[in-house]
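These notes concern the structure reproduced below.
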Amino acid sequence: QVQVAESGGGLVQAGGSLRLSCAASGRTFRDYASAWFRQAPGKGREFVAAISWNGDSTYYGNSMKGRFTISRDNAKNTMYLQMNSLKPEDTAVYYCAARRTTAQTIHSMTTVHDYDYWGQGTQVTVSS
C-alpha cells in the first residue's frame with residue numbers, strides 16, 4: 001500500500017498563494033489516482049481537486065475552479081496543489097488522498113469514500 005504525507009501549509013494573507021505538496025512512499029505513486037480534500041472547523045471534509053494516475057484528467061470543486069491547480073510528478077512520487085487568490089474561507093486543514101486505479105473518470109471520485117489512503121493533513125490559514 002501507499003503512504004502519503006502533506007506539506008506546505010501555513011499562514012498567508014488574503015489574495016496570496018501557497019503550494020501544497022503530497023509525497024507518496026511505499027508503492028509507486030503512478031498506480032494511484034489522487035486528490036485533495038479540506039476540512040474547516042466544525043465542517044465535513046470537502047472535495048477540492050482530483051487528478052488521474054498519469055495527470056491526463058483533473059477535476060475541481062466549484063469554489064476552487066480558476067484559483068487552484070492540481071498537478072503531479074510521478075518521477076518524484078509527488079502531487080501538488082497550487083492555490084492562488086486565497087480567501088479567508090479557504091482556511092482549513094488540507095488532506096491528500098489516494099486510490100489505486102488507472103481510471104480517468106476522476107469526476108466520479110469526489111467523496112471521502114472514493115479514497116483508501118490519507119495523509120495527516122496540513123493547516124492552511126488565510127487572514128483577511
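Throughout, residue positions are numbered sequentially from 1 according to the sequence presented.
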Under 3.5 Å, side chain of E6 to main-chain N/O of S21, donor-acceptor pair present? no
Side-chain (R67) to main-chain (S85) donor-acceptor, under 3.5 angstrom: yes
Side chains of D116 and Q1: any donor to acceptor distance under 3.5 Å? no
In this structure, would Y117 and V93 fall into the same cluster of hydrophobic residues linked by side-chain contacts under 4.5 Å? no
Working for side-chain contact (heavy atoms from CB on, under 4.5 Å), residues V126 and Q13: CA-CA 5 Å; V126 184; Q13 289 188 330; over 6 Å; no
Counting distance only, does the side-chain N/O of R72 pair as donor-acceptor with the main-chain N or O of F29 below 3.5 Å? yes
Just by distance, do the side chain of T122 and the backbone of G9 share a donor-acceptor pair under 3.5 Å? yes
Donor-acceptor pair, T78 side chain versus K76 backbone, under 3.5 Å? yes
Judged by atom type as modelled, is there a donor-acceptor pair below 3.5 Å linking the side chain of D90 to the main-chain atoms of L86? no
Check the angle between the aromatic planes of Y115 and W118 and answer parallel, tilted or perpendicular using the 30° and 60° thresholds. perpendicular
Is the side chain of N74 donor-acceptor paired with the backbone N or O of W53 at a distance under 3.5 Å, no angle test? yes
When you group the ILVMFWY residues by side-chain heavy-atom contacts below 4.5 Å and let the links chain together, are V4 and Y32 in the same group? yes
Can you check ring pair (Phe, Tyr, Trp, His ring centres under 6.0 Å) on F37 and F47, steps first, answer last? CA-CA 5 Å; F37 286 77; F47 173 75; 5.6 Å; yes
NZ of K65: more than 12 outside heavy atoms within 6.0 angstrom? yes
With a 4.5 Å cut-off on side-chain heavy-atom distances among I, L, V, M, F, W and Y, is there a chain of contacts connecting I106 to M64? no
Counting N and O atoms only, with roles assigned by atom type, does the side chain of T91 sit under 3.5 Å from a partner on the main chain of T125, one being a donor and the other an acceptor? no
Correct closest heavy-atom pair for Q104 and S52 would be OE1-OG, 3.1 Å
I want to check a possible cation-pi pair here: R38 against Y95, using under 6.0 Å from ring centre and within 45° of the ring axis as the test. no
Is a side-chain donor or acceptor of Y60 paired with a backbone partner of I70 at a separation under 3.5 angstrom? yes
